[in-house]
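Before we start, here is the structure in question, set down as structure tokens.
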Amino acid sequence: MTEKRSCPFCGTQVEYAIENSPEWYRDPSLPVYRIDCHDKCRQYWLEAVSDPHPQIDPSILNFLDSLDDEQRTFISESTRCACDNGILIVYNRQILQYLTTDWHYAKAAVMLYELDNVSFRISGAGFDTANMLFFLEAEDARFTLRLYRAGTSVHEIRSEVYWLQALWNTGRVKTLSPVSGRDGEMIQCVSPNDLPSRYATVYDWIPGETLHALSAAEKTPELIRSLGVMVGRMHAVSQTLALPHWFTRPRYDADWITSKIEEALRSDDTDASPEERTKLSSLSSRFSRFVAEQGEGRDVFGLIHSDLEPHNIIVSDGLLCPIDVREFGFGYYLSDIQTISRHFSEDEKTAFFEGYQEIRSLPTGYRQQLALFEELHML
């Protein structure tokens, strides 16, 4: 049963309907209000309570009452952007608090750059409330703004900037280009309204489409071969890059894999059969053998993107550009290769591997080794 009310974000008349939470939500037993705000916010859900009768959680409404029009507009536009990117959202008080808190950070952060008449909204690529990504619209240019989780080491972010610059300067791999603030620094410290300090970076906009969004006809053999060349160049840079003493990034090594497997085996949610659990247990020893055979020399182990999925590769004027390097760290180059190549047909894989080997060789038996990384990817 639906009824007409005002959207609490944008104020337009919308359709409300009480229902159970979507299956993908954290607790499907929770009642929610589905709001169909077709013209502005698209669609979203608000958590509800059923005592004494079904209604939107009063704490949500009380929180929204404390917001001004600019903050409400930000939530409305962010919701629309997320929906347009295929992301559906159930709002509770905590998520709305995250959004409005990050609004304060973003508003303060853009003031630290030489940008005029800037508007901002979340990227719509997902609500990572710890490391929020914003799109900035200035008078004559676009940018991205990353707010890092509180407590992030400045050396981790310096390492990110250092690697991105090396990819272009040494490998001619087009990727995110950091923008300096008014003080000339590429990393800004933001603390609005006495909130805890968080770091922020701004990068130039890379126009184009993601590899994921391209049609099958657009993914030509030459494009896939060029992608192999790009990944080869990334790894070639990593193999020879001199690292400053402060360089800090995570390691995706045998200890990390073992901890992931042990966590999966301990999980109460694991419903794997005894055979599947035995196979999972064997992964740790198999990977340890791989490490013993391959070692961690820089010819096989170095800085990797670590999330080289098609949605993290922009095709811009014929160039392939890796983006979203939040997870980059030290790992086996084969991990990057497997992450992207698993999306390809056999013919595409052949073209990709040929492109990669124009830059650097692949190890003997790499096909079998990639099968191991395919299993590890499922963790």
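These values consider heavy atoms only, across backbone and side chains, with no hydrogens, waters or symmetry-generated copies.
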**OP:** Kindly check if the number of other-residue, nucleotide or ligand heavy atoms within 6.0 Å of CG (D84) is above 12?
**Re:**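 Yes - once you tally the heavy atoms of other residues, nucleotides and ligands closer than 6.0 Å, there are more than 12.
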Original post:
Can you tell me how far CD of Q188 sits from CE of M111, rounded to the nearest 0.5 angstrom?
Top reply: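 Spacing of CE (M111) from CD (Q188) equals 12.5 Å.
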**OP:** Take atom NE2 of H212 as the centre, draw a 6.0 Å sphere, and report whether it contains more than 12 heavy atoms from other residues, nucleotides or ligands.
**Re:**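 Open.
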**OP:** Count the heavy atoms belonging to other residues, nucleotides or ligands that lie under 6.0 Å from CD of E218, then report whether that count exceeds 12.
**Re:**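 Enclosed: over 12 neighbouring heavy atoms sit under 6.0 Å from CD of E218.
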Original post:
Between Y333 and P363, is any pair of side-chain heavy atoms under 4.5 Å apart?
Top reply: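 SC-SC contact between Y333 and P363 ruled out.
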**OP:** Mind checking ring-ring contact (aromatic ring centres under 6.0 Å, His included) for F143 and listing every partner two or more places apart, or none if nothing turns up?
**Re:**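 Once residues adjacent in sequence are excluded, F143 has no partner under the ring-ring contact (aromatic ring centres under 6.0 Å, His included) criterion.
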**OP:** Test F120 against every option in F74, Y113, F135 by the ring-ring contact (aromatic ring centres under 6.0 Å, His included) rule and name the one that passes.
**Re:**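 Filter result, single survivor: F74.
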**OP:** Determine the minimum heavy-atom distance between A217 and T220, stating which atoms define it.
**Re:**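 Closest pair (atom of A217, atom of T220, distance): O-CG2, 3.6 Å.
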Original post:
With a 4.5 Å heavy-atom cut-off, do F287 and I261 have their side chains touching?
Top reply: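 F287 does not reach I261 side chain to side chain.
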**OP:** Evaluate the side-chain proximity of L30 to V90: yes if any heavy-atom separation is below 4.5 Å, no if none is.
**Re:**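 Result no, sub-4.5 Å side-chain heavy-atom pair not found.
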Original post:
So, do L99 and M132 sit near enough that their side-chain heavy atoms are less than 4.5 Å apart?
Top reply: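 A side-chain contact under 4.5 Å exists here.
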Subject >> Pairs touching residues 54-63 that satisfy side-chain hydrogen bond (donor to acceptor under 3.5 Å, both in side chains), sequence neighbours left out >> reply: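 Applying side-chain hydrogen bond (donor to acceptor under 3.5 Å, both in side chains) to every pair that reaches into residues 54-63, excluding sequence neighbours, yields D57-S59.
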Original post:
For D68, does the CG atom sit with more than 12 other heavy atoms under 6.0 Å from it, leaving out its own atoms?
Top reply: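 More than 12 within 6.0 Å, yes.
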Original post:
What residue pairs, at least two apart or across chains, pass side-chain hydrogen bond (donor to acceptor under 3.5 Å, both in side chains) with a residue in residues 366-379?
Top reply: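 Checked against side-chain hydrogen bond (donor to acceptor under 3.5 Å, both in side chains) - neighbours excluded - the pairs reaching residues 366-379 are R286-E375, Q338-E374, R342-H377, E346-R367.
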Original post:
Any side-chain heavy atom of I337 within less than 4.5 Å of one from F353?
Top reply: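 Heavy-atom side-chain distance check passes, below 4.5 Å.
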Throw together a table of side-chain donor-acceptor distances under 3.5 angstrom for residues 163-174, partners on residues two or more places apart or in other chains.
{"residue": "W163", "atom": "NE1", "partner": "S238", "partner atom": "OG", "Å": "3.4"}
{"residue": "N169", "atom": "ND2", "partner": "Q165", "partner atom": "O", "Å": "3.1"}
{"residue": "R172", "atom": "NH1", "partner": "W168", "partner atom": "O", "Å": "3.3"}

**OP:** Quick one: which residue pairs count as a side-chain hydrogen bond (donor to acceptor under 3.5 Å, both in side chains) with a foot in residues 289-299, not counting sequence neighbours?
**Re:**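 Non-adjacent pairs meeting side-chain hydrogen bond (donor to acceptor under 3.5 Å, both in side chains): R251-E296.
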**OP:** Calculate, to the nearest 0.5 Å, the distance between atoms OG and OH belonging to S191 and Y105 respectively.
**Re:**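 Between S191 OG and Y105 OH, I get 6.0 Å after rounding to 0.5 Å.
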Original post:
If you look at every heavy atom in E160 and F328, which pair is closest and at what distance?
Top reply: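 What the structure gives for the nearest pair is CA-CE2, 3.4 Å.
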Original post:
Who passes side-chain contact (heavy atoms from CB on, under 4.5 Å) against N92, sequence neighbours left out?
Top reply: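 With sequence neighbours excluded, N92 shows a side-chain contact (heavy atoms from CB on, under 4.5 Å) to Y25, R26, E47, Q94, I95, given in chain and number order.
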Subject >> Any side-chain heavy-atom pair of V14 and D36 under 4.5 Å >> reply: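 Not touching, per the 4.5 Å side-chain cut-off.
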Original post:
Would E262 and T258 count as having a side-chain donor-acceptor pair, cut-off 3.5 Å?
Top reply: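 Result is no, nothing qualifies.
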Original post:
Between L283 and I257, is any pair of side-chain heavy atoms under 4.5 Å apart?
Top reply: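 Contact flag for L283/I257 side chains = no.
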**OP:** Establish, from distance only, whether the side-chain atoms of D336 and H235 form a donor-acceptor pair under 3.5 Å.
**Re:**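 On atom types as modelled, these side chains qualify, holding a pair under 3.5 Å.
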Subject >> Contact check, side chains of F290 and L334, non-hydrogen atoms, under 4.5 Å >> reply: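 SC-SC contact between F290 and L334 confirmed.
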